[in-house]
Amino acid sequence: MSENASNELTVGQRFFRELTTGGTALTLLSILLAMLIGAVLIVVSDPDVQGTAAYFFSRPTDTLLAIWESASSAYSAMFAGAIIDFDAASVGDALIPLADTLTYATPLIGAGLAVALAFRAGLLNIGAQGQILIGATLAGLVGFGMDLPAVVHIGFAVLAGFIGGAIWGGIAGFIKAKTGAHEVIVTIMLNHIAALLLAYLLTTQLFRREGQAAPISPFVADSAALPRFFDGSRLHLGLFVVLLAAVYSWWLLSRSTMGFRFKAVGHNPHAATTAGISVGRSYTAVMFIGGGLAGIAGASQVLGTESYLSTSIAGELGFDAITVALLGRSSPIGTVAASLLFGALRAGAVTMQAQTGTPIDIVLVVQSLIVLFIAAPPLVRAVFRIKVRAASPMAAEVGGKTA
Amino acid sequence: MLAKLQLRGITKRFGSLVANDRIDLTVEQGEIHCLLGENGAGKSTLMNVIYGLLQPDEGEILVDGEPIVCHNPADAMAAGIGMVHQHFMLVPVFTVAENVMLGAEQTYGPDFLDIDAAREQVREISARYGFHVDPDAVVENLPVGVQQRVEIIKALVRDAHVLILDEPTAVLTPQETDELIEIMRQLKANGTSIVFITHKLREVRAIADRITVIRLGKVVGEPDVSASESELASLMVGRAVTLAVDKEPPDVGDVVVDVRGLTVVDERDYIVVDDVSFDVRAGEILAVAGVQGNGQTELTEAIMGLQRRATGSVLLGDVELLGKSVRSVLRAGVGFVPEDRKVDGLVGDFSVAENLVLDRHDQAPFASGPMLKPAVIRRIAEDSIAEFDIRTGSGATLARTLSGGNQQKVVIARELSRPLRVLIAAQPTRGLDVGSIEFVHSRIVAERDKGTAVLIVSTELDEVSAIADRVLVMYRGTVVGVVPGDTDRDVLGLMMAGVPADEAAERARQHHTLIEGLAAGEDGDE
């Protein structure tokens with residue numbers, strides 16, 4: 001009977017297959033549908049609409065107008081806050097929203113790649129959060145604790161970020177490889193350890209900023225700071241670093257022998273083993289590399305966006321990274337695109353709240369809905385083993401024959 | 001007299017594919033009707049239509065002359081149709097009686113299960129047909145053959161007059177198969193009609209009252225039961241096939257693989273391979289015969305480095321393989337065709353081309369340093385696809401979309417495309433149709449003739465007899481004996497049940513058919 005068991009894919013493997021077989025159209029539709037539902041929420045929560053709805057039956061046009069006004073102004077404010085502000089004083093200022101979007105997207109790309117790579121090797125890396133934190137910690141330490149010439153300092157600090165994240169990810173991969181402990185549990189625990197470790201370090205002499213009661217570090221040295229592109233925005237060189245990481249990830253997965261092994265292990269560890277591929281070594285390697293990319297995201301936060309270490313340096317990035325990787329179907333390009341979308345939603349939300357009073361939480365709802373629409377159907381199919389009609393085994397059997 | 005079950009013009013389409021094309025089939029009362037066809041011919045689709053799992057697009061089903069419509073298996077059961085699936089639908093932790101009553105529970109009082117009634121039914125049916133099934137045995141502890149009988153009892157309890165058996169012998173030992181055939185005869189004598197699905201010609205000839213052959217969704221013939229095996233095979237495949245493997249006597253060279261005192265302990269701490277010693281010489285095929293689960297799988301895995309807890313010695317030339325990684329064993333010139341191609345042989349979501357280089361992807365010419373060379377991989381894949389006649393759209397097709405035979409060709413092509421000193425193939429033709437079996441066998445023999453030492457594991461006596469130069473029979477992890485390739489099937493069958501070679505030869509002389517049925521396979525399985 002053990003033979004039957006090994007034939008069965010795990011829920012995770014089935015989910016991955018379901019997830020990656022969906023089309024781009026599904027993704028776009030999910031985004032559109034989520035935005036529509038978001039519009040409904042915006043409208044419902046708008047006091048103007050509520051006011052006009054009170055006399056809807058005597059003057060329905062008022063209500064309808066208010067509905068249109070409410071939804072369109074909220075979304076145009078969001079667009080203005082995320083892409084281009086047409087009311088800005090100069091061309092440079094008009095592009096500041098786009099720069100904000102890219103700033104928010106930068107760490108998401110790095111951390112999203114960490115999740116996406118691991119996913120391709122069949123691992124659920126829930127540990128991007130911890131990998132970002134340790135990466136940021138090491139990068140920050142090099143950034144404010146060492147004295148090096150300008151270019152060397154940046155390079156060394158980013159490298160320290162990579163190594164920090166890589167070690168943190170590599171630990172999870174190694175434990176999985178050696179003991180078979182589930183990576184989800186291990187990475188979640190490592191997240192807690194990383195958060196508490198950073199909180200502790202920030203109370204020590206080495207990390208604490210002088211004369212500050214709050215647990216924050218000194219600013220990173222100018223020589224280690226990732227240069228910003230223009231005034232009025234925090235957009236910095238880190239964007240190119242993570243884009244390079246995305247290109248590297250693409251190359252790794254589609255052109256390298258190591259990526260070939262990762263994918264083989266991810267799709268079918270039994271066949272990989274039989275073909276002489278070490279599953280354990282692949283697990284460790286993919287978590288090491290992925291963790292390193294999350295570490296770079298951490299480095300970019302501390303060296304570019306924030307300029308100093310604090311316990312909130314990673315925010316919710318590690319968890320948004322999972323979302324982004326899912327949305328991007330675990331491909332590097334998709335992850336970049338999804339990160340840009342989330343960056344835009346985030347940047348736009350701030351402006352939307354300031355201009356129209358629409359609560360920023362609406363954007364969180366929209367983000368969650370997108371993920372729900374994209375991830376839920378394959379998850380439901382994977383868990384309940386529902387087969388898509390066209391892929392019924394009988395059809396496959398006959399199809400294989402006549403093809 | 002009206003036919004028991006009649007199909008008229010059954011057509012079933014999946015998208016543009018016509019899985020069943022206007023199929024007519026008539027099954028008389030008390031008749032064993034063999035449905036013969038290759039994998040993917042549409043047999044299972046047809047049976048699923050009868051059993052209410054699929055709805056036909058056209059055509060009608062008649063039972064006793066009355067048209068019936070089955071929306072689900074419950075409707076089919078109500079119409080007196082029962083089905084025993086290839087993969088059993090039993091709850092492993094339930095007893096036989098509990099499984100039998102499941103879905104048709106009898107109750108008494110407010111809502112108490114009447115387990116005694118179910119027990120009684122099992123005992124009654126078991127006695128009537130000589131099933132020897134204990135109603136209180138837990139199903140997971142029973143051998144496969146007995147589990148199958150539980151499935152049959154389930155159908156009979158629900159008053160099945162037509163019993164569909166979907167490839168029932170695929171999981172059975174030769175002896176269990178004999179027992180099943182005996183059971184089918186008794187059912188027939190009691191007036192039950194049986195639809196027997198198979199692609200094993202020997203069985204068809206042993207038991208069929210009528211034969212219908214299906215190819216590519218159509219009925220292509222209703223040969224007489226006296227038709228020869230090769231006639232049936234060519235009808236099934238659509239061209240002439242040679243059942244016997246063309247091979248010259250082996251040109252045997254030096255010992256290539258020398259296995260001494262190999263012992264394997266599995267994760268449950270059972271000794272699954274127990275002090276096994278043998279050798280394989282260059283240019284010969286040694287077949288390891290045995291009922292599934294007698295240590296053959298673990299034996300091959302131990303040689304490949306896939307079993308951690310293996311002791312003893314496996315010498316390739318003068319190199320010790322035991323303790324080496326899978327990778328080193330492959331590099332040493334060992335080719336391996338694993339038993340379960342879908343699980344161990346292929347990455348289903350990889351393309352055919354990628355699968356063809358799975359164990360060589362990081363070597364020249366497929367890679368230089370850390371870089372893959374996709375163009376080279378594609379080009380060489382096209383060569384292999386042509387050479388091994390892999391029926392696929394292109395090298396970029398996903399392996400899991402291929403039929404079983406073509407998937408196996410991918411695995412064989414991969415392993416035979418590099419210089420080998422030893423080829424180890426476990427169940428190389430399991431689940432394949434006649435045409436693919438013919439191809440795989442001829443490639444294996446060709447590899448032997450190149451001077452490679454070949455080790456085949458097979459549970460099919462037909463296969464063992466067809467290609468082995470020598471046969472090693474395993475039983476419960478030990479070697480029962482090594483006999484010549486042309487040893488009588490009956491002797492091999494007895495040896496597979498643990499009877500030593502001399503005694504087996506003696507007993508086989510006394511009664512030449514195996515219909516008596518030995519309980520041997522039963523303890524062989526656990």
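Letters A, B, ... mirror the listed sequences (proteins, then strands); counts begin at 1. Just so you know, these numbers come straight off a predicted model, no measurement behind them.
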- Would one find more than 12 heavy atoms of other residues, nucleotides or ligands at under 6.0 Å from atom NZ of K218(B)? no
- Search all heavy atoms of F260(A) against all heavy atoms of F350(B) and return the closest pair with its distance. O-CZ, 3.6 Å
- To the nearest 0.5 Å, tell me how far L372(B) CG sits from M258(A) CE. 12.0 Å
- Query: Given that the side chain runs from C-beta out, which part of M304(B) has a heavy atom under 4.5 Å from chain A: side chain, backbone, both or neither?
  - Reply: neither
- Message: With a sphere of 6.0 Å drawn around CZ of R331(B), does it hold more than 12 non-hydrogen atoms of other residues, nucleotides or ligands?
- Response: yes
- The interface call for Q407(B) against chain A, heavy-atom contacts under 4.5 Å, is neither
- How far apart are the closest heavy atoms of R327(B) and G276(A), and which atoms are they? CB-O, 3.5 Å
- Roughly how far apart are R255(A) CZ and K373(B) NZ, rounded to 0.5 Å? 13.5 Å
- Query: Heavy-atom distance under 4.5 Å between the side chains of H270(A) and D340(B), does that happen here?
  - Reply: no
- Query: Under a 4.5 Å heavy-atom cutoff, which of A271(A), A264(A), S254(A) has the most pairs with chain B?
  - Reply: A271(A)
- Rounded distance (nearest 0.5 Å) linking atom OG1 of T273(A) with atom CD of E301(B): 10.5 Å
- Query: What part of P338(B) gets closer than 4.5 Å to chain A, counting heavy atoms only: side chain, backbone, both or neither?
  - Reply: side chain
- Query: Crowded around Y51(B) OH? As in, over 12 foreign heavy atoms under 6.0 Å?
  - Reply: yes
- Item | Residues D362(B), R261(A): salt bridge by 4.0 Å N-O rule | yes
- Pick from E354(B), R414(B), R360(B): which one has the most heavy-atom pairs with chain A under 4.5 Å? E354(B)
- Note on the structure: Nearest heavy-atom approach of N268(A) to V343(B) is ND2-O, 2.8 Å
- Query: Is it the case that more than 12 heavy atoms not belonging to R418(B) sit under 6.0 Å from its CZ atom?
  - Reply: yes
- Item | L358(B) versus chain A, the contacting section by heavy-atom distance below 4.5 Å | both
- Query: Rounded to the nearest 0.5 Å, how far does CZ of R400(B) lie from NE2 of H267(A)?
  - Reply: 9.0 Å
